[in-house]
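Okay, structure first, notes after.
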Amino acid sequence: MGLSDQQIEQFKTKGFVACPEFFNAREVKALQSELSRLRAVGAFNNVSTDNDGKTTSSTKMNLQICPLYPHSTLFRALPFHPKVLQTIPQLIGDPILLHLDQVFLKPARHGSGTNWHQDNAYFQLDNPLHGTAMWIAVHPANVANGTLRVIPDMQFEKLPHQRDPQSNHHIRCWPDESRAEPVELPAGGVVFFCYGTPHSTGANNTDADRAGVAYHFLTEASYGTEQAKVSKAIGTILTGPRASGGEKEYATRVAGAWDAEVEKANTDNR
């Protein structure tokens, strides 16, 4: 279940590592079914704009839910997945807490991408290797449908960012795209990239929807008073002596619920 020494070393030196077979077929089906349910109840917002940063586009769709956990007990339970709780500390240290969760869905034929940025331009950790995103390919992700792209070896470079006029709230940067690497994944595959790694997604011009769910984690020690002023965290403590299995944060125990939530999603949303 854990990462190899080679994978951990790649994360620390290159700023990212891919795990193509992280979630099994039953789990993938549940993720897909739950996103279909959330779309049907109107939980998504289109964050693409007509290049003015405020007017919602009628032709480009970058559908987001952020935060995700209030909308879905399945996605609330996912950070407590045993594989997640084993893998994240291997990459960034321990104890860990949940910083952010969100989903972007790119509809078929008119899904728009998310421009280049570094997460640490938002979060401002002293060490970008103390935080990581976990980007989950809910559907097969490839170059044609705008999969995640990363630029390795740049995790310690602070790139200048500006307000992104193609989004209603994002910022963006302009790195050297000639160094970019697309990360193609099957459904259920995951890529971990640290807070300093520049990344983006492309447009989806194919005939099928594509969604990516992203969780952000950081070490409990890195989230101090000063850091909290610039980046409010969900704050769910996932490991260590202060972890409560979600009871303290959600008033109910979430740890251990993943398999039941997967079964429920696959039954209720079929």
Side-chain angles (χ1 to χ4, degrees), residues 1-8 10-11 16-40 43 65 68-69 71-92 94 96 98 100-106 108 132-148 150 182-193 201 204 206 208-217 236 238-239 243 245-246 250 253-270:
M1 287 175 58
L3 298 176
S4 68
D5 290 343
Q6 183 178 4
Q7 288 174 308
I8 296 169
Q10 178 180 322
F11 178 84
F16 79 102
V17 66
C19 300
E21 298 179 355
F22 198 87
F23 293 97
N24 63 37
R26 177 172 165 268
E27 293 169 329
V28 169
K29 180 183 176 183
L31 297 175
Q32 293 173 347
S33 296
E34 184 67 348
L35 286 189
S36 294
R37 181 190 72 81
L38 290 171
R39 193 174 184 186
I65 304 174
L68 183 55
Y69 74 90
H71 300 272
S72 169
T73 52
L74 174 76
F75 286 112
R76 185 185 303 170
L78 191 149
F80 294 91
H81 192 304
K83 288 180 72 173
V84 176
L85 295 181
Q86 181 176 18
T87 302
I88 302 299
Q90 287 184 289
L91 296 174
I92 65 174
D94 207 24
I96 58 169
L98 178 63
L100 176 72
D101 62 358
Q102 60 184 324
V103 57
F104 284 103
L105 189 149
K106 323 289 188 179
T132 186
M134 179 180 74
W135 191 88
I136 305 166
V138 179
H139 307 97
N142 50 56
V143 171
N145 63 17
T147 191
L148 186 82
V150 298
V183 184
E184 295 191 305
L185 293 167
V190 168
V191 57
F192 299 95
F193 55 92
T201 58
N204 178 18
T206 70
D209 293 345
R210 181 189 66 73
V213 171
Y215 290 84
H216 291 77
F217 305 89
T236 308
L238 297 170
T239 62
Y250 306 121
R253 186 162 184 83
V254 182
W258 172 249
D259 286 339
E261 290 293 340
V262 168
E263 181 62 28
K264 180 175 181 292
N266 281 328
T267 302
D268 293 351
N269 301 330
R270 62 188 174 186

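All figures in this text were calculated on a predicted structure; none of them were measured in a lab.
- Between Q102 and H216, the closest side-chain pair of non-hydrogen atoms falls below 4.5 Å.
- Contact check for P79 versus F217: side-chain heavy atoms found under the 4.5 Å cut-off.
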| request: Give the C-alpha distance, both sets of side-chain angles, the deciding distance and a yes or no for side chain to side chain contact (heavy atoms under 4.5 Å, CB included) between L3 and C19. | output: CA-CA 9 Å; L3 298 176; C19 300; 3.6 Å; yes
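- Annotation: side chain of F11 is in contact with side chain of F192 (closest heavy-atom distance under 4.5 Å).
- Of the residues T73, L78, N266, the one that meets the side-chain contact (heavy atoms from CB on, under 4.5 Å) test with E261 is T73.
- The backbone N or O of G146 sits less than 3.5 Å from a side-chain atom of R210, completing a donor-acceptor pair.
- Taking the side chain as every heavy atom from C-beta outward, V84 and M134 approach each other to under 4.5 Å.
- When all heavy atoms of P89 and Q86 are compared, the pair lying nearest together is CD-O, 3.6 Å.
- Using a 4.5 Å cut-off on side-chain heavy atoms (C-beta onward), F22 and T87 make contact.
- Contacts of R39 classified as side chain to side chain contact (heavy atoms under 4.5 Å, CB included), with partners at least two apart in sequence or in another chain: F44, L63, L105, P107, D209.
- Taking CG of L68 as the start and CG of L38 as the end, the distance is 6.5 Å to the nearest 0.5 Å.
- V190 is not listed as a side-chain neighbour of W135, based on a closest heavy-atom distance of 4.5 Å or more.
- V213 and V138 make their closest contact through CG2-CG2, 3.6 Å (heavy atoms, listed as atom of the first residue, atom of the second, distance).
- With contacts defined as side-chain heavy-atom distances shorter than 4.5 Å, the pair F193/L148 qualifies.
- D259 and R26 make their closest contact through O-NH2, 3.3 Å (heavy atoms, listed as atom of the first residue, atom of the second, distance).
- The line from CD of E184 to CG of N145 is 8.5 Å long, rounded to the nearest 0.5 Å.
- Taken to the nearest 0.5 Å, the CD1 atom of I96 stands 5.0 Å off from the CG atom of L238.
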| request: Before giving the answer on side chain to side chain contact (heavy atoms under 4.5 Å, CB included), spell out for I136 and F23 the whole-Å C-alpha distance, their side-chain angles and the decisive distance to 0.1 Å. | output: CA-CA 9 Å; I136 305 166; F23 293 97; 3.8 Å; yes
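- A donor-acceptor contact shorter than 3.5 Å is absent between the side chain of E21 and the backbone of G188.
- Checking D94 against T239 by side-chain atom types alone, a donor-acceptor pair falls below 3.5 Å.
- When only modelled atom types and interatomic distance are considered, S72 and E34 share a side-chain donor-acceptor pair under 3.5 Å.
- Side chain to side chain, T236 and Y250 meet the donor-acceptor criterion of an N or O pair below 3.5 Å.
- Here the side chains of P186 and P20 are in contact, with some heavy-atom distance below 4.5 Å.
- Minimum interatomic distance between G2 and Q90 (heavy atoms only, all atoms of both residues): CA-OE1, 3.5 Å.
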| message | side chain to side chain contact (heavy atoms under 4.5 Å, CB included), that's the test. Do F75 and V103 meet it? Break it down for me. | response | CA-CA 10 Å; F75 286 112; V103 57; over 6 Å; no
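- Of all heavy-atom pairs between N204 and K106, the closest is ND2-O, 2.9 Å.
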| query | For L185 and T147, what are the C-alpha separation, side-chain angles and deciding distance, and is it a side chain to side chain contact (heavy atoms under 4.5 Å, CB included)? | reply | CA-CA 8 Å; L185 293 167; T147 191; 5.6 Å; no
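- Considering H139, E27, R37 as possible partners of Q32, the one that fulfils the side-chain contact (heavy atoms from CB on, under 4.5 Å) test is H139.
- Side chain of D101 to backbone of Y215: no donor-acceptor contact under 3.5 angstrom is found.
- The shortest heavy-atom contact between F80 and G245 is CE2-C, 3.7 Å.
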